[in-house]
Amino acid sequence: MPSLSIEVRAARFADLDARTFHDLLRLRIDVFVVEQRCPYPELDGRDVEPGTRHLWLEHDGVPLAYLRILADPDGVARIGRVVVAPEARGGGHAGRLMAAALAEVGDRPCVLEAQSHLVDFYARHGFTVSGPEYVEDGIPHTPMRRESIDG
């Protein structure tokens, strides 16, 4: 699948049509709940917050990768729900999506809760470990932070 035909999309919840939101949720549920066997409330209420941005890569109308950026109350951006469809893995899509997300975040500090096996991936995007590893839904996670560009 040529990367030229893969588009980066970004929207607030209010700007998403029902079909797009359905397809984004399906990708998240297919990977996080089904593939990773983590039955948890995927719909946590944060998708609809006014400060939330949804970013995804799309090929012929089908989402290949997704993440969301939350606006935490302390002004820090929080990246989460980073996912790539199984058939699209290994194509650099997560890196491209992270670059788009960090451009969106700008110079604000940013945090995320990385699955621990992906710490090196996030480190390549400027994140550093900010706390001890913990287990959530049977999967080791590591909190990470990227400071503001100003310091």
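Side chains are part of it too, since the values below use all heavy atoms of this structure and drop only hydrogens, waters and symmetry mates.
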Would you compute the distance between atom [atom1] of [X] and atom [atom2] of [Y] and round it to the nearest 0.5 angstrom?
X	Y	atom1	atom2	result
Thr52	Arg46	OG1	CZ	6.0 Å
Met98	Cys110	CE	SG	6.5 Å
Trp56	Ile6	CH2	CD1	15.0 Å
Arg146	Asp107	CZ	CG	9.5 Å
Leu55	Arg68	CG	CZ	12.5 Å
Leu67	Arg53	CG	CZ	11.5 Å

Taking all non-hydrogen atoms of both residues, which atom of [X] and which atom of [Y] are closest, and how far apart?
X	Y	answer
Pro143	Pro132	CD-O, 3.3 Å
His93	Ala65	CB-CB, 4.2 Å
Ala114	Met144	CB-SD, 3.8 Å
Val8	Ala100	CG1-CB, 3.9 Å

Salt bridge (charged side-chain N to carboxylate O under 4.0 Å, His left out) contacts in which one or both residues fall within residues 117-133, not counting sequence neighbours: none
Within residues 54-63 or reaching into it, pairs that qualify as salt bridge (charged side-chain N to carboxylate O under 4.0 Å, His left out) - sequence neighbours excluded: Arg9-Glu58
Set of salt bridge (Lys or Arg N to Asp or Glu O under 4.0 Å) partners for Arg81, sequence neighbours left out: Glu42, Asp44
Qualifying residues under salt bridge (Lys or Arg N to Asp or Glu O under 4.0 Å), relative to Asp23, sequence neighbours excluded: Arg19
Stepwise side chain to side chain contact (heavy atoms under 4.5 Å, CB included) check, Arg28 with Asp47: CA-CA 12 Å; Arg28 285 169 31 179; Asp47 290 312; 2.9 Å; yes
Who passes side chain to side chain contact (heavy atoms under 4.5 Å, CB included) against [X], sequence neighbours left out?
X	value
Ala103	none
Arg89	Val31, Glu35, Val84, Pro86
Arg145	Val76, Pro109, Val111, Ser130, Glu147
Glu136	Tyr134, His141

Only counting residues at least two apart or in another chain, list the ones meeting side chain to side chain donor-acceptor pair (under 3.5 Å) with [X].
X	answer
Thr20	Asp17
Asp15	none
His54	Tyr66
Asp137	none

CA sep, side-chain torsions, deciding dist, call: Phe127, Leu102, side chain to side chain contact (heavy atoms under 4.5 Å, CB included): CA-CA 11 Å; Phe127 287 86; Leu102 292 173; 4.1 Å; yes
Do [X] and [Y] belong together in a cluster built from hydrophobic side chains that touch within less than 4.5 Å?
X	Y	result
Ile29	Leu24	yes
Ile139	Leu112	no
Phe21	Val48	yes
Leu16	Leu43	yes
Leu118	Ile79	yes

CA sep, side-chain torsions, deciding dist, call: Tyr122, Val82, side chain to side chain contact (heavy atoms under 4.5 Å, CB included): CA-CA 11 Å; Tyr122 292 113; Val82 181; 3.5 Å; yes
